[in-house]
Number of protein chains: 2
Amino acid sequence: MSVREDTDTAKTVTDAALRPFLGFNLRRAWNVIHADLTATLEPHDLRMITFSALAVIGDNPGLSQAQLATALSVERPNLVPVTDELASRGLVTRERVPSDRRTYALRLTASGASLLARATTAVHDHESALYADLGEADRATLIAAFRRIESTGTGRS
Amino acid sequence: MSVREDTDTAKTVTDAALRPFLGFNLRRAWNVIHADLTATLEPHDLRMITFSALAVIGDNPGLSQAQLATALSVERPNLVPVTDELASRGLVTRERVPSDRRTYALRLTASGASLLARATTAVHDHESALYADLGEADRATLIAAFRRIESTGTGRS
DNA sequence: CTTATTCGTTATGACTCGTATCTATCGTGC
DNA sequence: GCACGATAGATACGAGTCATAACGAATAAG
């Protein structure tokens, strides 16, 4: 079948076969953004999951851990060490709810809100740098596309 | 401080604080695509890494494992079990190179090429379904944006 | 021959995430 | 009051991914 190609010593190894796939490109972009995000949050002693949790708690004071897990798309067990850490660092409070003593009501403390504000600013600035080459319109297109992919894939609203 | 909000029993837990961040949306989209891709490749007994490896080998016959690792952005040690599996399944050959007996020259076998073709079709079809809501222009915008994010983040080419 | 470098490989550990399971609590029906 | 199923939080365990360190074999340079 004339499989004999002299591509052997080729110095150029191409991605060409994978580039047409959006999923592949998305993975590469995600790797970059993930690395940048991790580095951005590291000075604040936050990981992506703890930062996300802080943000959702800040937006939904008094929510339960189960609600938080749903909002973050993680399983409940994986949230336990997160809330443990946030609580032990004094960033969130876990108040017992009188009406249902099984659940905790999660709220930001003052220092939690302050840290969230600082980290949010840092993340926003880093994202702006990463997307400097992208126009505002492209950025909006991206987010809209992501949400559509999300809903197409999961079927949820 | 009038912290007393009745958001406690709120049934609606919002993502609002995170949605403006592109990274967050990208992660969600990636989760969806990753799940779909995994399910798509599973009937072919392929994982993302093995499929990607097949595709790159098919496009660059005779390349070394080190070159493959670079093309796939994974560390060399993590590629060993991949090439082992592909070789033991008879999908790729590892021929010794006379000029440099340290390296292996990786090539697809006939069945490897056949499997790659079938899997590529499957992945392409699934991607088309996922991106059905996206126009062709949006898809091109997405890929272009990804590549720009990639190069901005890594500084490479 | 000696030294440094590269390839493929092994071993190891960090990190993420999901499933199964347990206890405590709530709600419902008897 | 008491049994039943369901839910919240927590624990334990395992699968999967990924990077680092280090080793033998082979190559290249001195």
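By convention in this document, chain letters (A, B, ...) are assigned in the order of the sequence lines, proteins followed by strands, and residues within each chain are numbered from 1.
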Nearest-nucleotide check on DNA chain D, A:Thr83 vs A:Arg27; residue mapping nearer the 5' end is A:Thr83
Expressed in angstrom and rounded to an integer, what is the separation of A:Asn31 atom CG from D:dC18 atom C1'?
11 Å
I want to verify a distance call: between C:dT9, C:dG18, D:dT17, whose nearest atom is closest to the A:Glu75 side chain?
C:dG18
Donor-acceptor under 3.5 Å (A:Arg76 side chain, A:Ala66 main chain)
no
From the candidates D:dA10, C:dC7, C:dG18, the one with an atom nearest any side-chain atom of A:Tyr104 is D:dA10
Nearest whole angstrom, please: distance from the P of D:dT17 to the CH2 of A:Trp30.
17 Å
Would you indicate what A:Arg76 reaches in the nucleic acid, counting non-hydrogen atoms under 4.0 angstrom: base, sugar-phosphate, or nothing?
nothing
Considering only nitrogen or oxygen atoms on both sides, find all protein atoms under 3.5 Å from nucleotides 21-24 of chain C and state each distance.
none

Using only modelled atom types and a 3.5 angstrom limit, is any donor from either the side chain of B:Asp100 or the base of D:dA26 paired with an acceptor on the other?
no
When all nucleic acid strands are considered with a 4.0 Å heavy-atom cut-off, which category describes B:Arg94: base, sugar-phosphate, or nothing?
sugar-phosphate
Report yes if the side chains of A:Leu26 and A:Phe146 come closer than 4.5 Å at any heavy-atom pair, otherwise no.
yes
Counting distance only, does the side-chain N/O of A:Thr83 pair as donor-acceptor with the main-chain N or O of A:Leu79 below 3.5 Å?
yes
Could you tell me how far apart A:Leu63 (CG) and D:dA8 (P) are, to the nearest whole angstrom?
12 Å
How many Å lie between NE2 on B:His34 and C1' on C:dG18, as a whole number?
13 Å
With a 4.5 Å cut-off on side-chain heavy atoms, are B:Val13 and A:Thr70 touching?
no
Within the 4.5 Å heavy-atom criterion, are A:Arg94 and A:Leu106 side-chain neighbours or not?
yes
Is A:Asn78 close enough to C:dT16 that one of its side-chain N or O atoms is under 4.0 Å from OP1 or OP2 there?
no
Under a 4.5 Å cut-off applied to non-hydrogen side-chain atoms, are A:Phe51 and A:Thr120 in contact?
yes
So, is B:Gln65 near the phosphate of C:dT6, with a side-chain N or O under 4.0 Å from OP1 or OP2?
no
Between A:Arg101 (CZ) and D:dA6 (P), how many Å, whole number?
22 Å
Counting only N and O atoms by type, is there a donor-acceptor contact under 3.5 Å from the side chain of A:Thr109 to the main-chain atoms of A:Gly90?
yes
Rounded to whole Å, how long is the line connecting atom CG of A:Leu79 with atom C1' of C:dT16?
14 Å
Closest to the 5' end of DNA chain C, once A:Val74 and A:Pro98 are matched to their nearest nucleotides, is A:Val74
Side chain A:Ser151, main chain A:Arg147, donor-acceptor under 3.5 Å:
yes
Atom-pair distance (CG on A:Leu72; C1' on C:dG18), nearest Å:
16 Å
OP1, OP2 of C:dC17 versus side-chain N and O of A:Arg47: anything below 4.0 Å?
no
Rounded to the nearest Å, what distance is computed from the CD1 atom of residue A:Ile49 to the P atom of nucleotide C:dT16?
9 Å
